[in-house]
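What follows is a single structure, written as structure tokens, with notes after it.
Just so you know, these numbers use all the heavy atoms, side chains as well, and skip hydrogens, waters and symmetry mates.
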Amino acid sequence: MNISRLAKIGSNVAIGRTSIVHDDVVIGDNCVIGEFCVIGEPSRLAEGPLVLGADSLVRSHSVLYAGSELGPGLSTGHHVTVREKTQAGRNVQLGSYADVQGHCRIGDFTRTHSGVQINHGCVLGRCVWLFPHAVLANDPHPPSDLTLGVTVDDYAVIGMQACVLPGVRVRAHAVVAAAALVSRDVAEGMLVAGVPAREVRPAREVIRRDGTGLPAYPWTEHFSRGYPAELVGSWGTR
């Protein structure tokens, strides 16, 4: 285990013996860091330390760069990369092999599944869902020096293998279907699908496949697993 004496480490922190903790690091209380992790990877683009909030869980082979502020309760899968100048709120979950390319903002309680790529300059609201291998792009004519990050507003859902192109905004409670290619803004509460993606219908018209006949969206009306009661209460009548 290679832990810098300059790192600031809180109480009751467990760090895998094969992990590296660099100088410019602040780790909050009660964090758990698995094996073969790199915490505070140096970067010439970083400004300030890596701050890892209390009660976070960083699973094996993950790399967190210096210059990011990751809120309390962060949970990663395995082999996750978070580059410099990422700001994440509380209780963010990043699935295995997630790639956050820095200069991003991720809101409270946002969750990603495995293989998600969030590119430089993207902004995600709170309680956003990104399903496996979704991509938020940022270069409108690659390769170039122009960065147009994607914006995903609160409670929106991006389906598996969907790609949202640079500069697009997906508004609150919208749903992007699996494998969609989104090249234009998505209106609040709408379902889009296809290549290129087109509006299909209001997401509220999608019916749950559980025999109830009730709408599947907004998902906040019927799904709350893993969310604290005070947050769920703020979603309104269920």
With a 3.5 Å cut-off and no angle check, do the side chains of Asn30 and Asn12 form a donor-acceptor pair?
yes
For atom CZ of Phe109, is the number of surrounding heavy atoms from other residues, nucleotides or ligands below 6.0 Å larger than 12?
yes
Any chance the rings of His61 and His78 have centres within less than 6.0 Å?
no
Between Gln93 and Ser75, do the side chains contain an N or O donor and an N or O acceptor separated by less than 3.5 Å?
no
Mind checking whether Val51 and Ile33 sit in one hydrophobic cluster, side chains of I, L, V, M, F, W, Y counted as touching below 4.5 Å?
no
Side-chain H-bond candidate by donor/acceptor type, Thr81 with Asp99, under 3.5 Å:
no
Any ion pair linking Glu221 and Arg204 (charged N to carboxylate O, less than 4.0 Å)?
yes
Val176, Ile158, Val195, Leu165 screened by side-chain contact (heavy atoms from CB on, under 4.5 Å) with Val182, the one that passes
Val176
If you draw the axis of the six-membered ring of Tyr227, does the NZ or CZ of Arg111 fall within 45° of it and under 6.0 Å from the ring centre?
yes
Taking the six-membered ring for Trp, are Tyr217 and Trp129 ring centroids under 6.0 Å apart?
no
Which class fits the ring pair Tyr155 and His173: parallel under 30°, tilted 30 to 60°, perpendicular over 60°?
parallel
Checking side-chain contact (heavy atoms from CB on, under 4.5 Å) between Asn119 and each of Leu136, Val150, Val135, which is the one that passes?
Val135
So, Ser43 versus Glu84: side-chain donor-acceptor pair below 3.5 Å or not?
yes
Write down the atom of Cys37, the atom of Ser60, and the distance for their closest heavy-atom approach.
SG-CA, 3.9 Å
Which heavy atom of Thr110 sits nearest a heavy atom of Gly125, and at what distance?
OG1-O, 2.7 Å
